[in-house]
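Index from 1, following the sequence. This one's a predicted model, so the numbers in the text were calculated from it and none came from an experiment.
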Amino acid sequence: MRAPRYRSTGEAATQSAYPNRVVNTPGQHRAGLHSQEGLLDSGDAATPRGGDATGIVTQQQGYGRPSPMEELCTFRKKRQPFVDDCTGSRSHTTDRYKRQTYHASEEAIERQKDKRLGLIKVWSFAHLRSVLRLTAAMAASLWMCRLRPRGLKGPLKSIDNLCFKSQSKHSSSSVVVKSEIAQRKDQTDTTAEGNPFYVLQEERLEQAERSVLINCPPKINEKKLLKHLSSHGEINTCFFYESFGTYAVVEFSKKESIASLQEGTIIPSIQHEATVPFKSRLVSLKLNNPGDLSSVPSSIQCLRQSAIPISELVQRLSGADTIDQQLYTLTETYQLTEDNVRLRFLVCSLLKDIAAAYFPECTVKLFGSSVNGFGKLGCDLDMFLDLDGISGRNSQKTAGPFTLEYQMKRVSSERAATQKILSVIGECIDQFGPGCVGVQKILNARCPLVRFAHQPSGFQCDLTANNRIAIKSTELLYLYGSLDARVRALVFTVRCWARAHAITNSIPGAWITNFSLTMMVIFFLQKRDPPIIPTLDQLKGLAGATDKHLIEGHDCTFVSNINRINTTENTETLEQLLKEFFEFYGNFSFSKMSINIRKGKEQSKPDVSPLHIQNPFEQPLNVSKNVNQTQLERFVSLARDSAWILQQDGMSHPLGAGAQPWGLAALLLPSASQTGGKGKKRRKREPASERIKSLLESLKKNKPNSANGNGKRNFSTQSH
């Protein structure tokens, strides 16, 4: 067993830039070169290093042979006579320096010819090219005046071919590389600051491919576990959580470490049951000697993977100083953590391993709340089986008399093909997927899907296919959330407020969905003066050539580079925006108007649906078609009540320690219909205005106490 290896900062940076590079010391490098196939003779290997007569230090070359400059300086000391190659007569001593340099250059070039094949095998191309350039420069400076007047174009041409043939060959490839870099320049620029949606997706998926999910014993020592796992490779990150047991998510530095770990993993032997031998990256850690760790205390700390109760959130928000701080605190408390996002991509990667049994080149991508920036801890995991990346699609016919095509099953429509694919993948998940339970194949829905629960992660999962528009909707929401921090804070707050009052529900029905609420917040922010975020048509106007997307006849074009979008001049606080949001929709004409974020303005309703929110890409569709009149009226009533509460004295600032919930905390108090006890006949829900009056009465009773001199702060109704 090998001890865990910890990288230094410099080595880590080198390995991240060049993952396959092996770094050796100069001495190790030279020794390795001398021993390869005997390509360098003993004379070359024994050539002394150091400076030459000109004071030029040649130690940096470090490849076991003299440089052309050393050969020149050595030859100058010999002072050999020069014989002109053309006439055969001895030259005059006045041209001695030029003649000696010419002869030395010629000898160096000839030696380069003799050793050329061997040197290419040993030297790196970059070093060989630098040597040839130096030789060519010397030849050009000293031979040009002597050879060209005498008509010796042949030797010069041969030397030119020797020195520049390989250089021109690789210069053309470098031009191609530079062209590709220029084409991707816009993407790399945005990666540094904007981090486009698709770049983050690829990075997360690559991390997941190097990760493994381990079911651990109840008591486990983290250091000993990491020491054991590090024998398979270097570990980047590791964290623990609880869901039907204790689990560890371990990310290795290299994908080869996963293969090494799987080679040492065995199939369990069960006496009275049989196992399905499907190998995945979900494994269990068993103790060979349980007694060895019985006395060792558990050193792991399990991270929270679910949202805190609403009562605890109200208590936490009551301790804030401003309503703006309350909204940001709610966002930080409920948003997905870094580790939770890693776990979601790992589950997505595990599902891809199952689907790859039928479609080896497929990919499984996340969409929805998990990746659009508005996800709450505990939200569902929406996944998309993407088969468009399979090679051979949309390929042109090859040149020649024949073209080969795969023989495939044919079905009546693309929807029928999607249903068949999801049916087979769903059956495979049910029969072979470790930890996947409660599999339901909902194939007759408008968007066919497979629904199941992943017990090791605790996620409720939905798998769809041929749902590319949902990916673009997710990217659009991610872009809006990245433009201004107030967007995410307001969306999180409105969603939490709606869930606290049962406006939304995890069970499908006539309730308003989180997606509809998000559309309503975006539309409200587009209507501000000046607007906080642009409309979809404005984002389309900023799109580049690579941003153009037409999916199933629907225009899904919008800019992906956040740096092209101008920042807003709106400086309204979150407190102002929250009040105005409830005012806006408390008085909105839902009976006549529809909401359209593409145009950023109200439009006449095309149908009689109580709530009409136009789909941003599939414009004829209404994303809130399921909402009935009763649920819409509840939303409007609660919006008006909330707007009125925030306008009252004592709601904008805390009244002191131990005071009643105020501001946003007061808006999240559960309604009477949700607090009825079991076994009691549920009372008819009292009007919202009565509940508000009782809340305000309690605040008025506490207000005089806050103004006395008993150590509590004074309250002022003046604006700050």
Partners passing ring pair (Phe, Tyr, Trp, His ring centres under 6.0 Å) against Phe581 (at least two apart in sequence or in another chain)
Phe524, Tyr585
Residue pairs fulfilling salt bridge (charged side-chain N to carboxylate O under 4.0 Å, His left out) with at least one residue in residues 417-432, sequence neighbours excluded:
Glu427-Lys441
Working to the nearest 0.5 Å, report the span between CG of Leu539 and CZ of Arg564.
12.0 Å
Can any side-chain N or O of Thr474 pair as donor or acceptor with the backbone N or O of Gly368 at less than 3.5 Å?
yes
Evaluate the side-chain proximity of Gln631 to Thr504: yes if any heavy-atom separation is below 4.5 Å, no if none is.
no
Rounded to the nearest 0.5 Å, how far does CD of Gln305 lie from CG of Asp339?
7.0 Å
With sequence neighbours excluded, tell me which residues meet salt bridge (charged side-chain N to carboxylate O under 4.0 Å, His left out) with Glu602.
Lys527
In the structure I gave you, are the side-chain heavy atoms of Thr464 and Asp382 within less than 4.5 Å of one another anywhere?
no
Would you mind reporting whether Cys348 and Met383 have side-chain heavy atoms less than 4.5 Å apart?
yes
Show which side-chain atoms of residues 454-461 pair as donor or acceptor with protein atoms under 3.5 Å away, not counting sequence neighbours.
| from | atom 1 | to | atom 2 | distance (Å) |
| --- | --- | --- | --- | --- |
| His454 | ND1 | Ser457 | N | 3.4 |
| His454 | ND1 | Ser457 | OG | 2.8 |
| Ser457 | OG | His454 | O | 3.3 |
| Ser457 | OG | Phe459 | N | 3.4 |

Taking side-chain contact (heavy atoms from CB on, under 4.5 Å) as the test, write out the residues that go with Ser412, two or more places apart.
Ala416
Please list all pairs meeting ring pair (Phe, Tyr, Trp, His ring centres under 6.0 Å) that have one or both residues in residues 241-268, counting only residues at least two apart or in different chains.
Tyr241-Tyr247
Does some side-chain heavy atom of Phe617 sit less than 4.5 Å from a side-chain heavy atom of His549?
no
Determine yes or no for a side-chain-to-main-chain donor-acceptor pair under 3.5 angstrom, with Ser260 supplying the side chain and Glu256 the backbone.
no
Taking Asp607 first and then Lys625, would you say they form a salt bridge - that is, a charged N and a carboxylate O separated by under 4.0 Å?
no
Can you sort out the partners of Phe582 under ring pair (Phe, Tyr, Trp, His ring centres under 6.0 Å), two or more places apart, ordered by chain and number?
Trp497
For residues 259-268, which residue pairs pass the salt bridge (charged side-chain N to carboxylate O under 4.0 Å, His left out) check, not counting sequence neighbours?
none
Decide yes or no for Gln431 and Phe278: does some side-chain heavy atom of the first lie under 4.5 Å from some side-chain heavy atom of the second?
no
Are more than 12 heavy atoms, taken from residues, nucleotides or ligands other than Glu405, located less than 6.0 Å from that residue's CD atom?
no
Show me the pairs that pass salt bridge (charged side-chain N to carboxylate O under 4.0 Å, His left out) and involve residues 485-495, at least two apart or across chains.
Asp484-Arg486
Taking C-beta and beyond as the side chain, do Leu483 and Pro534 meet within less than 4.5 Å on heavy atoms?
yes
Centres of the Tyr478 and Phe197 rings: under 6.0 Å?
yes
Is there a side-chain contact between Ile471 and Asn467 (heavy atoms, below 4.5 Å)?
no
Tell me every residue that passes salt bridge (charged side-chain N to carboxylate O under 4.0 Å, His left out) with Glu251, counting only those two or more places apart in sequence or in another chain.
Arg210, Arg342
Heavy-atom closest pair (Arg446 atom, Pro448 atom, distance to 0.1 Å) is O-CD, 3.7 Å
Distance-only, no hydrogens or angles: does the Ser637 side chain make a donor-acceptor pair with backbone N or O of Glu633 under 3.5 Å?
no
Are Gln526 and Ile522 side-chain neighbours, meaning at least one heavy-atom pair lies under 4.5 Å?
yes
Any donor-acceptor N/O pair, Ser306 side chain to Gly378 backbone, under 3.5 Å:
no
Salt bridge (charged side-chain N to carboxylate O under 4.0 Å, His left out): which pairs involve residues 349-373, sequence neighbours left out?
Arg281-Asp353, Lys365-Asp386
The criterion is side-chain contact (heavy atoms from CB on, under 4.5 Å); which residues satisfy it with Ser516, sequence neighbours excluded?
Ile512, Thr513, Ile613, Val623, Ser624
